[in-house]
Amino acid sequence: MTSRSMEKEPLPERERKYLPELRTLLENLPFPWRPGARIAVKVHWGERDNRSFLPPHYAREIVRHLKSRGCLPVLFDTTVLYSGGRRTGEDSLRTAAVHGYSEDFLGCPVVIGDGMDGRDVIDLPGFRHFETVQVAALVDRVDGFFIFSHFKGHLGSGFGGAVKNLSMGFASRAQKQRMHADAHPLLDREQCTRCGVCVEACPTGAARFPGEESYPEYDTDLCIGCAQCIGLCPVTALRILWDIDPAVFQERLVETAAAVWRKIGERTVLANALLGITTDCDCWPGPNPVIAGDRGFLGGTHPVELDRMSLERIGEETFRRAHRGVPWERQFTFAREIGFSR
Ligand code: SF4
Ligand code: SF4
């Protein structure tokens, strides 16, 4: 559907129901920016063929709110590691437009924060795991940020909300790789149908069939831990095998977000959408079961606090059930240890 045809379509029922709530939230959130300030709105416009991404109507409402007070919004996301519809800037903008995230519909430019080739990046000081954390150079180019996140489940981090959006969402491809480096697929042969989807999807050639009648194998030297094979396997025959304590992934995720936050926190406001709460993130093409009912929006001025509130509103048990064994609680204790909390 094009932006122009979307404009003429009646509002879908969920958007009709929740847009007034978002308007009220925006009116009540702090507005730390002066008229004329350039504000970058961070969103995730969904992987190609994903069906659980947030529709663009909410982002458009945020853009309208910023413009109504004289600010100059620009909407952005960053390039990703895996093949699909967002690996390059060109692909990602095409995917954005197909999902309705276009300048025509939103009323502001849509850009790639780390550049069309993913190389417009800067290094920020790290905390414990990283000496430096590499992120989109956009952090240096605008006056403020509005972080708009879809709160839902996530294969590696248990849930994904504001912290994940600041972390993976701002990270350069190299930084994304550093966070994922120790994750590899583990095959359950009993489940595997040898369909070959994982082999086709693998961006590095790590997944392959060693022989015609064989099961797929995954070369850990070539594997970049992008988890695309795991997400796409139609019969869930793959799961993540960590070469490290899985809590370390939670720490790396939080550390990247904390480095970004130290740079932009004072000029940033956040909102989480607790709508269409699915098992996995908006990077997965295809089916993504809903695990909790809609809970509206929450906003705030600290990402860790906002994610904590979101978890409490939905119920922590939902995410424990959806991703058994993922030590996501470590996100909160680690945030406290490095001073990334209130
Ligand atoms: S996608 Fe899943 S079922 Fe298909 S070959 Fe790979 S592991 Fe086996
Ligand atoms: S084998 Fe590794 S690199 Fe290939 S899709 Fe799976 S996780 Fe990604």
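Any value given below was found using the heavy atoms of this structure, including those in side chains, with hydrogens, waters and symmetry copies removed. Counting starts at 1 for both ligands and their atoms, in listed order.
Listed by chain and residue number, W33, H65 satisfy the ring pair (Phe, Tyr, Trp, His ring centres under 6.0 Å) test with F31 (two or more places apart in sequence, or in another chain). In this structure, the side-chain hydrogen bond (donor to acceptor under 3.5 Å, both in side chains) partners of E251, at least two apart in sequence or on a different chain, are H129, R330. Every residue meeting the ring pair (Phe, Tyr, Trp, His ring centres under 6.0 Å) condition with H180, not counting sequence neighbours, appears here in chain and number order: F249.
In this structure, the ring of F340 has its center less than 6.0 angstrom from the ring center of H302. If you look at F76 and Y101, their ring centroids are not closer than 6.0 Å.
Near P203, with a cut-off below 4.0 Å to any heavy atom, the atoms of ligand 2 are 5 (S). Each of the atoms 7 (S), 8 (Fe) of ligand 2 lies under 4.0 Å from some heavy atom of A227. Every atom of ligand 2 is numbered from 1 in the order shown, and the set under 4.0 Å from a heavy atom of T204 is 3 (S).
A salt bridge links D294 to R14: one of the charged nitrogens lies within less than 4.0 Å of a carboxylate oxygen.
Distance check for C223 against atom 2 (Fe) of ligand 2: an N/O/S atom falls below 2.8 Å.
In this structure, R194 forms no cation-pi arrangement with F209, as its terminal cationic atom is not both closer than 6.0 Å to the ring centre and no more than 45° off the ring axis.
Residue R86 forms a side chain to side chain donor-acceptor pair (under 3.5 Å) with just one option from T79, D77, T95, D91, and that option is D77.
Enumerated by chain and number, the residues approaching ligand 1 to less than 4.0 Å through a heavy atom are L187, C192, T193, R194, C195, G196, V197, C198, P216, Y218, C233, P234, V235, L238.
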